[in-house]
Amino acid sequence: MALIVQKYGGTSVGTVERIQHVAAKVAKEVAAGNQIVVTVSAMSGQTNKLIELATEIDEDLLPREYDVLVSTGEQVTIALLSMALNKIGCKAKSYTGSQIAIKTDSFFTKARIKSIDADRVQADLDDGNVIVVAGFQGVDDNGNITTLGRGGSDTTAVAMAAVLKAQECQIFTDVDGVYTTDPRIEPRARRLEQLTFEEMLEMASLGSKVLQIRAVEFAGKYSVPLRVLSSFEDGPGTLITYEDNIMERPKIAGIALNKDEAKLTILGVPDKPGVAHHILGPISEANMEVDMIVQNTGEDGTTDFTFTIHKNDYNKALDILLKTSERLGARKVSGDDRIVKLSLVGVGMRSHAGIANKMFASLAEEKINIRMISTSEIKISVVINERYAELAVRTLHEAFELENSTVA
Ligand code: ADP
Ligand code: ASP
Ligand code: MG
């Protein structure tokens, strides 16, 4: 007998038929003698609809009330799934996040899980129940409902698996695994048999939304075996694993595309100590996260400074930067929100030289201009005009032969 945590995303529970299909899959696992905890998302499109309703009242969403609102989507699907399970003779109980004490901090709209009452869940499981847990939500110390950020049901599932010491956490979605790149952009993308936590973390944080970043972080931290699978067809999916288990790595695991960033530049800033602090301080005080940062070496006593932030923050950041520019006596501020960030990810990069060069050469051949570059041990990111996003993904996918690279 194994304890397995399964998570089904929005598309997988998008209709009553699909919920019944999920119930049948869960019942099969129970019949095989396993204990199952299921986490579900809201029905597809539902969370967006709720957010639209709220924006009709006020564009500036009240974070506490936002969480009360968007957490309702998952309350619908847990009840329906539990009903569907009981209907086919599989004993099940649904719980909201607060009912099973998924305790979080109080950062509404992006709260972090602190603890979960595992004993209660375990007792219910031992009583022969399937436990259906609402994804994406929790409760803070003051009893306020919180949510975990978009895509947060993945994190609920991994956290449940961690506290229950589940044998595996299975993320069922509308693709049959993690691909070399988003299969919606490159149809020739290939499913990876496995990839490392490090690679998955980079892929997720660089824009591959197949798993929420925090879910991957959590899985890595608590050594939760994590697998991404299709809700609609059987198959092995993709196992997220430790590097040590993989004998031979391909150079590149995959390509991530992030369409959510915008770029800002302040030109001709007097080049003296504290420049970066004076420019980025007000940005971070306004609660905006900065991603890439590039500062030129100052030749004539001035320097240029470029950074990227989330597209949603673009106008706010531009206003702040204009004020900073006046204060510092800079020459000019410019910005561009029509950019994308494209990244190559792979632990194999550590032992292979020349990957950056090949990437730059391939993009140059297609006349794609690179606007910013940043690298780490296992990734290379470039910022390019959004017009070339799809072309660049396909070009690199082909250049690095990802459609037929072998996976150990
Ligand atoms: P769910 O609603 O089940 O959580 P998501 O939409 O959050 O599903 O995640 C699945 C989607 O992630 C896929 O439909 C796919 O378009 C996208 N995706 C982006 N990058 C990748 C990748 N490298 N591999 C697989 N899917 C990816
Ligand atoms: N329903 C939430 C969202 O759409 C959480 C999730 O699906 O994981 O972001
Ligand atoms: Mg998701």
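Atoms within a ligand are numbered from 1 in the order they appear, just like the ligands themselves.
Here the CG-CD1 distance, from Leu85 to Ile19, works out to 10.5 Å after rounding to the nearest 0.5 Å.
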What short N/O contacts, under 3.5 Å, does ligand 2 make with the protein, listed by atom pair and distance?
residue	atom	partner	partner atom	Å
ligand 2	1 (N)	Thr47	OG1	2.8
ligand 2	1 (N)	Glu74	OE2	2.7
ligand 2	4 (O)	Thr47	OG1	3.3
ligand 2	4 (O)	Arg150	NH2	2.9
ligand 2	7 (O)	Ser41	OG	3.0
ligand 2	8 (O)	Gly152	N	3.3
ligand 2	8 (O)	Ser153	N	3.0
ligand 2	8 (O)	Ser153	OG	3.1
ligand 2	9 (O)	Arg150	NE	2.7
ligand 2	9 (O)	Gly151	N	2.9

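With salt bridges taken as basic N to acidic carboxylate O contacts below 4.0 Å, one links Lys7 and Asp154.
Within 6.0 Å of CZ in Phe232 there are more than 12 heavy atoms belonging to other residues, nucleotides or ligands. Counted within 6.0 Å of CD on Glu65, heavy atoms from surrounding residues, nucleotides or ligands total more than 12; the atom is thus considered enclosed. By the neighbour-count criterion of 12 heavy atoms within 6.0 Å, atom CG of Asp234 is sparsely surrounded, having that number or fewer from other residues, nucleotides or ligands.
Residues lining ligand 1 at a heavy-atom distance below 4.0 Å are given as Lys7, Gly9, Gly10, Thr173, Asp174, Val175, Gly177, Val178, Tyr179, Thr181, Asp182, Pro183, Arg184, Met203, Ser208, Lys209, Val210, ordered by chain and residue number.
Minimum interatomic distance between Ala219 and Leu226 (heavy atoms only, all atoms of both residues): CB-CD2, 3.9 Å.
Taking the ring pair (Phe, Tyr, Trp, His ring centres under 6.0 Å) definition, one finds that Phe172 meets it with Tyr8, sequence neighbours left out. Evaluation of the ring pair (Phe, Tyr, Trp, His ring centres under 6.0 Å) rule for Tyr222 yields Phe218 as partners, not counting sequence neighbours.
At least one side-chain heavy atom of Arg112 sits less than 4.5 Å from a side-chain heavy atom of Glu217.
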